[in-house]
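First up is the structure itself, then whatever we jot down about it.
Only heavy atoms go into these numbers, but all of them, side chains included; no hydrogens, no water, no symmetry mates.
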Amino acid sequence: RQQFVPAALRRELGKAWAGFNAPGTPATVATGNWGCGAFMGDVRLKCVLQWLACSQAGKEMHYFPFDNEDVSTWFPPLMERLCARGTTVGELASFLFENASRRDLWAALDATFK
């Protein structure tokens, strides 16, 4: 659960934003399950953090979860809902920072951003 503390969230967002916002980075970014193999990162968390960073950098993200069926079925509908309701990067980031320690984080996110 260390990856869910605010300092870890800021670190991951900073790394992703620095990579996606680097000069010469294409308008479309292809990415995947950063830190989710040997480092045992939470795939949903890494996906959402990368999407936040991509969005803040003004990039379109194509997420390739490889064989992770959970994120490949969970994330696209979430992304569509958030976009349809006009959720900002700041709103979603604030929700994550305020609720990351919850054991039911993803259910709470789904319920909050219906």
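Looking only at distances, a side-chain donor or acceptor of Asn99 sits under 3.5 Å from a matching main-chain atom of Phe95. Side chain of Asn68 to backbone of Val71: a donor-acceptor contact under 3.5 angstrom is found. Looking only at distances, no side-chain donor or acceptor of Ser94 sits under 3.5 Å from a matching main-chain atom of Glu91.
Using a 4.5 Å cut-off on side-chain heavy atoms (C-beta onward), Leu49 and Leu96 make contact. Between Phe97 and Leu13, some side-chain heavy-atom pair lies under the 4.5 Å cut-off.
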In sequence, state the C-alpha distance, the side-chain angles, and the governing distance for Phe20 and Trp34, and then conclude on ring pair (Phe, Tyr, Trp, His ring centres under 6.0 Å). CA-CA 13 Å; Phe20 299 148; Trp34 287 6; 5.4 Å; yes
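The side chain to side chain donor-acceptor pair (under 3.5 Å) test applied to Asn33 returns Tyr63, not counting sequence neighbours. Applying the side-chain contact (heavy atoms from CB on, under 4.5 Å) rule to Glu80 yields no partners; only residues at least two apart in sequence or on another chain are considered. Scored by the side chain to side chain donor-acceptor pair (under 3.5 Å) test, Gln56 finds no partners at all (sequence neighbours excluded).
Between Asp42 and Arg44, no side-chain nitrogen of the basic residue sits less than 4.0 Å from a carboxylate oxygen of the acidic one, so the salt-bridge criterion is not met.
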Return a table of donor-acceptor pairs under 3.5 angstrom between the side chains of residues 105-114 and protein atoms on other chains or two or more places apart.
unit_1: Asp110; atom_1: OD1; unit_2: Arg81; atom_2: NH2; d: 3.0
unit_1: Asp110; atom_1: OD2; unit_2: Trp74; atom_2: NE1; d: 3.4
unit_1: Thr112; atom_1: OG1; unit_2: Ala108; atom_2: O; d: 2.8

For residues 4-12, run the donor-acceptor check on the side chains, cut-off 3.5 Å, and write out each pair with its distance to 0.1 Å, sequence neighbours left out.
unit_1: Glu12; atom_1: OE1; unit_2: Lys46; atom_2: NZ; d: 3.2
unit_1: Glu12; atom_1: OE2; unit_2: Lys15; atom_2: NZ; d: 3.0

Mind listing the side-chain donor-acceptor pairs of residues 22-30 below 3.5 Å, one per line with the distance, residues two or more places apart or on another chain?
unit_1: Thr25; atom_1: OG1; unit_2: Ala22; atom_2: N; d: 3.4
unit_1: Thr25; atom_1: OG1; unit_2: Ala22; atom_2: O; d: 2.6

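Between the SG atom of Cys54 and the CG atom of Leu52 there is a distance of 10.0 Å, given to the nearest 0.5 Å. Expressed to the nearest 0.5 Å, how far CD of Gln3 lies from SG of Cys36 amounts to 7.5 Å. Summarising the geometry, atom CZ belonging to Phe64 is positioned 12.0 Å from atom SG belonging to Cys47; distances are rounded to the nearest 0.5 Å.
In terms of heavy-atom proximity, Ser72 sits nearest to Pro65 at CB-CG, 3.6 Å.
The 12-atom threshold is not exceeded at CZ of Arg103, counting heavy atoms of other residues, nucleotides or ligands nearer than 6.0 Å.
Under a hydrophobic clustering in which Ile, Leu, Val, Met, Phe, Trp and Tyr are joined whenever their side-chain heavy atoms come within less than 4.5 Å, directly or via other members, Val48 and Val89 fall into the same cluster.
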